[in-house]
Amino acid sequence: MIIENVYIAPVVGPEIPSGYIRIEGDRIAEVGSGPAQPNPGETRIDGTGCLATPGLINTHHHLYQWASQGLAQDATLFEWLVASYQVWAAMDAEVVKGAAAAGLGYLALSGCTLSSDHHYVFPQGRGDLFAAEIEAARELGIRFHPARGSMDRGQSQGGLPPDVVVEDRDTVLAATSEAIDAYHDPSFSSKLRIAVAPCSPFSVTAELMTDAAELARAKGVRLHTHLAETLDEDEHCVEAFGVRPVDYMEKLGWLGPDVWFAHTVHLSDADIDKFAATGTGAAHCPSSNGRLGAGIARVSEMLRRGANVGLGVDGNASSELTTLSGEMRQALLFQRAAHGPTALTARQALEMATMGGARNLGRAGELGSLEAGKLADIALWRVDGAFASAVEDPVCQLVFATRQPPLARLLVGGESVVENDELKTVDQDVSGRAGAEAHRRLMRLAREQGFSVAKEVHT
Ligand SMILES: [Zn+2]
């Protein structure tokens, strides 16, 4: 297959105003400038009027939250969590499957070719929730790095979640180990990798954090958790552990090149330097941080000091219908609003959404840029529409515009997942309806357990 006559923003290396990308099997064979010399029998895609970027990479999500959007709209993180835990306690595998089908489809339509997911609520007797989301990703055909999450520190132990949604440590470690053995594919072309992800310092014991790190390292998989999201968490850590969040995680052996943290909004200079020195990554989720009033992560300072930052849409319950392409804009505007117009460029935002994400997920050798030898995960954005064609620079148009340019193609390993803003591997209407049905089902199950929706919309 060859994509011709296309503006190429490869992220690594110079941009090519008119060039071609040759794909052989699931890899990029060649990226070149000028007209292509097609081989006999090669499928030719005319990229005239399009911008080619690497597929976007989402490094923080909770797909099940598609089913609990719109609740506790005016709450802080802790208030929102306390309201949401009651709803999440009612979820089952059917809810997760429908939510993941809709959530992953929505991501693909915003240019995402690889998504992580952080699933940490496993109510007992509700079916195989982890298998349900993996099945949805397989059907859609995008790359998926689900993290087996967990909570073992309920209210009776000084944690935030009610005891009904936490598991005991042995159960968590056994289930996490089984998930890795059953699903983790470490190969170059892998479409499925597992990570280990206890939920947060305020819902997990120090013992589980330590054991989880040991398990992940023994199995050769990556580690993920939420960190330094709000000032409430800062206070909680100082009160409960005598140190701030990054120092706490350092004590538990949780800094390193195999770790990426979600949010990291409240970091000191010393914290940022620790990230840079240890190769610890961050998943910046600006819309979620804005929605919950958590603050603005010091992204430009992190990049300046050499720390890796990728992007994440975060669960839809705290970001609502956020697109991954839109998070580039949100990240850029937050940094500029806080630190001036040179704080973050459109190219830096695109790099966070691609290479930054690939580094967070341990895929920098295979993904994140358009280079010969890497996997053919490519987004082709149509930038020649009647309104759009007045913009000189296609990367500016992609990152600055509120309205995402049409997605002409989304290739995952050379296979079309999206064509002309339409999912090709699954029925888009069916996926959308599955998400709506998952929401209705979850709310019904939650009401049966005594949850009052009317009371919780505005908390
Ligand atoms: Zn999260």
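Every number for a ligand or one of its atoms is a count from 1 in the order of the listing. All residue numbers refer to positions in the sequence shown, counting from 1.
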Taking the six-membered ring for Trp, are the ring centroids of His61 and His119 within less than 6.0 Å of each other? no
Return yes when at least one N/O/S atom of His263 is nearer than 2.8 Å to the Zn ion (ligand 1), and no when none is. no
Of all heavy-atom pairs linking Leu173 and Leu208, the shortest is CD2-CD1, 4.0 Å
Side-chain contact test, heavy atoms from C-beta onward, threshold under 4.5 Å: evaluate it for Pro201 versus His236 and give yes or no. no
Restricting Asp314 to its N/O/S atoms, the closest one to the Zn ion (ligand 1) is OD1
Strictly under 2.8 Å, is the Zn ion (ligand 1) approached by any N, O or S atom of His60? yes
Quick check: does Cys285 put an N/O/S atom under 2.8 Å from the Zn ion (ligand 1)? no
Side chains of Ser369 and Lys374: any donor to acceptor distance under 3.5 Å? yes
